[in-house]
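Here is the structure we will look at.
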Number of protein chains: 2
Amino acid sequence: MKNPVRLHARIGNATCAQSAIDIGGSGSLNIHLKKSPKNVEPRDDDASLSSGQDLLTRLRADIVKHTFAPETKLKFSDLTERYGLGIGTLREALSQLVSEGFVTLEAGKGFRVAPVSRRDLAEVTDHYIAFEKRALAQSIAAGDDEWETRIVAAFHSLGIIEDLSWAERMRRHGDWVERHRLFHEALVAACPDRWLLRLRSLMFYQLERYRFLSKMNRENSPSRKGTEHRAIMEATVARDAKATALLEQHIRETSDSISGMLSKT
Amino acid sequence: MKNPVRLHARIGNATCAQSAIDIGGSGSLNIHLKKSPKNVEPRDDDASLSSGQDLLTRLRADIVKHTFAPETKLKFSDLTERYGLGIGTLREALSQLVSEGFVTLEAGKGFRVAPVSRRDLAEVTDHYIAFEKRALAQSIAAGDDEWETRIVAAFHSLGIIEDLSWAERMRRHGDWVERHRLFHEALVAACPDRWLLRLRSLMFYQLERYRFLSKMNRENSPSRKGTEHRAIMEATVARDAKATALLEQHIRETSDSISGMLSKT
DNA sequence: CTTGCAATAAGTTTCGAAACTCTTAGGATA
DNA sequence: TATCCTAAGAGTTTCGAAACTTATTGCAAG
């Protein structure tokens, strides 16, 4: 039970923490520069941030995935056991999630998962569409070869899962979520407006929480998604202005189907 | 040396009425609250926010006011002394400011005040204008008598300071900042889109940091501001659609003048 | 049965110390 | 002089316990 020596459990997994509000140019585009093997490097790769930042990613993912249902009370006694981290570290991560809108904090009553509603979904959808359309337009205007290539790669990676059978897709849903996010990030990666990317990212994660509902309850026209993604990808790479319209339609259709589910509540 | 009893220094009156610029130093009063087991003090006053949330406001205000210059390292040894709070509490507040974009965090290197730049100002300005224009339009469409009245009141309160002489205005600059914020909040208060208000607020505070630069360095056409505010107020209350155009011009002029200052850097 | 009110339990918030990391200074070696 | 190694110092990150607050229970009185 007791742990006399504090050992920062540094598991070597490469799940790097990408903050939803990541501004910096920590893009995956960066080519790894090989360093001389004889020299000692202060840090191997990009700073796999401290366990606190890692926790932020895990907590947000668990809320997005509805591991914690909306309005669930987040008790520290439960959280410390689940994540194996101290109270202070947990408070720090939860505070950031308050700023991002995933968690609410009432003085003296602790933290709760933020509620969901049809109205909230409608707002998030509208803002996300507005951000992503503008970011995509700017990205199309400014993107270079590397940007194009990354989109094609991300689309292919996503398509591998979308072409699977229903059962297999459900089994690898975690992968789908990750690759879907990377695909949309690749589309807008060349946008030079850092704040626009930041705001887009904020809304993306909010919407992802609703998006997960659709996967949990029912499957919505699976093959269609893949077709839409392809059309968006092709129009974008062709620098076709109608890419933004396709993107809007793609997002809105998904949100509308989710909104229908929420009405039952 | 040790302090066996933790006494939350509870200064018994309104704490946040005027955000005093001079917070540090030895200003902490030593109020001894004897805790008798029988006597309970349930109705001391309306319990204000926890000291942690209060700290968040103070820290943000100090960054906005350039009490901590951009890119300043925020050392806990300094902060604990200045705010009289523990490290954990400070980390919690700083984490939220990271999410809001006021502070950056590098693993192992601690917190720093986020940098400012001409480009960042341009982005923040554009987003803020877009948000506020939409929020104002929706507010005009949905506002009721109470909303109108609040705007008129906020404008009057702001005008009292703007009509003062230059020296007097500078002396009460803290009041001006507060009332200016309340005026703009009143304008959009009837907007039903919660996320739009949230995003607007985020950009407002970012812009306020830049706005403070203009006051610190030089005065920019003082009487004009008041005229603009009046025009915006009147158009809004009249539900005139050109209110948004006036608002945009008002914001952009301010930002442009600040941008000119930043170019020297 | 309902209400009021202690006493207890459950949970939150704060704090400082210890573990850990990064930087810098000093000195030895070639 | 330049380079590398070590150690001390400064600063950060984490953790759990103690102080504090809210919710629940138990019990007596109306």
Side-chain angles (χ1 to χ4, degrees), chain A residues 1-11 17 36 38-44 47-56 58-59 72-96 98 103-112, chain B residues 1-10 28 32-56 72-96 98 103-112:
Chain A
M1 292 295 287
K2 302 176 82 171
N3 203 356
V5 176
R6 177 165 68 106
L7 253 180
H8 290 180
R10 190 172 281 259
I11 306 169
S36 173
K38 53 196 295 184
N39 278 343
V40 178
E41 300 137 32
R43 258 308 152 199
D44 189 34
S48 175
L49 288 163
S50 54
S51 70
Q53 291 294 352
D54 194 21
L55 171 64
L56 172 64
R58 281 209 282 164
L59 255 175
T72 301
K73 186 126 202 339
L74 295 170
K75 283 182 285 192
F76 288 105
S77 52
D78 299 343
L79 297 177
T80 50
E81 185 183 3
R82 169 175 248 269
Y83 297 104
L85 291 170
I87 293 173
T89 310
L90 279 162
R91 275 194 77 87
E92 190 178 325
L94 287 170
S95 294
Q96 296 196 54
V98 168
V103 169
T104 61
L105 170 60
E106 198 177 355
K109 310 280 274 308
F111 294 90
R112 280 183 175 281
Chain B
M1 302 303 283
K2 297 180 71 175
N3 201 356
V5 176
R6 177 165 67 105
L7 253 181
H8 289 181
R10 178 178 285 226
S28 62
H32 297 283
L33 290 179
K34 291 298 182 185
K35 189 174 174 86
S36 59
K38 297 273 189 170
N39 195 359
V40 188
E41 38 180 297
R43 56 183 321 158
D44 196 351
D45 58 353
D46 76 314
S48 62
L49 297 133
S50 61
S51 71
Q53 290 298 322
D54 193 22
L55 172 64
L56 173 64
T72 302
K73 187 130 196 342
L74 295 170
K75 283 182 287 191
F76 288 105
S77 52
D78 298 344
L79 297 178
T80 50
E81 185 184 3
R82 168 176 249 268
Y83 297 104
L85 291 169
I87 293 173
T89 310
L90 280 162
R91 275 193 77 87
E92 191 179 325
L94 287 170
S95 294
Q96 296 196 54
V98 169
V103 168
T104 62
L105 170 60
E106 198 176 355
K109 312 280 274 306
F111 295 89
R112 294 186 98 87

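Everything quoted here is computed from the prediction, not taken from an experiment.
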Results of side-chain contact (heavy atoms from CB on, under 4.5 Å) for Q96(B) - residues two or more places apart only:
S95(A), V98(A), S99(A), Q53(B), L56(B)
Taken to the nearest whole Å, OH/Y83(B) to P/dC15(C) is 15 Å
The side-chain contact (heavy atoms from CB on, under 4.5 Å) partners of K75(B) (sequence neighbours excluded) come to K73(B), S77(B), D78(B)
Interatomic distance where CG belongs to L90(B) and P belongs to dC15(C) [whole Å]:
9 Å
Between dT12(C) atom P and F111(A) atom CZ, what is the distance in whole Å?
9 Å
With heavy-atom distances below 4.5 Å as the criterion, would you say the side chains of L94(A) and F76(A) are in contact?
yes
May I have the distance from Q96(A) (atom CD) to dT13(D) (atom P), rounded to whole angstrom?
12 Å
Check: protein-nucleotides 9-11 of chain D nitrogen or oxygen pairs below 3.5 Å:
{"unit_1": "dG11(D)", "atom_1": "OP1", "unit_2": "K75(B)", "atom_2": "NZ", "d": "3.2"}

Please give, in whole Å, the distance from dG16(D) P to L85(A) CG?
9 Å
Could you check how far CD of E92(B) sits from P of dC15(D), rounded to whole Å?
16 Å
Taking atom C1' of dT13(D) as reference, at what distance in whole Å does atom CG of L74(B) sit?
16 Å
What pairs with E81(A) under salt bridge (charged side-chain N to carboxylate O under 4.0 Å, His left out), at least two apart in sequence or on another chain?
none
Interatomic distance where CG belongs to L94(A) and P belongs to dT12(C) [whole Å]
10 Å
Return the minimal non-hydrogen interatomic distance between L79(A) and L74(A), and the atom names on each side.
CD1-CB, 4.0 Å
What nucleic acid atoms does I87(B) come within less than 4.0 Å of, heavy atoms only: base, sugar-phosphate, or nothing?
base
Which heavy atom of G110(A) sits nearest to which heavy atom of L105(A), and what is that distance?
O-CD1, 3.5 Å
Answer yes or no: does a side-chain N or O of R91(A) lie under 4.0 Å from OP1 or OP2 of dT13(C)?
yes
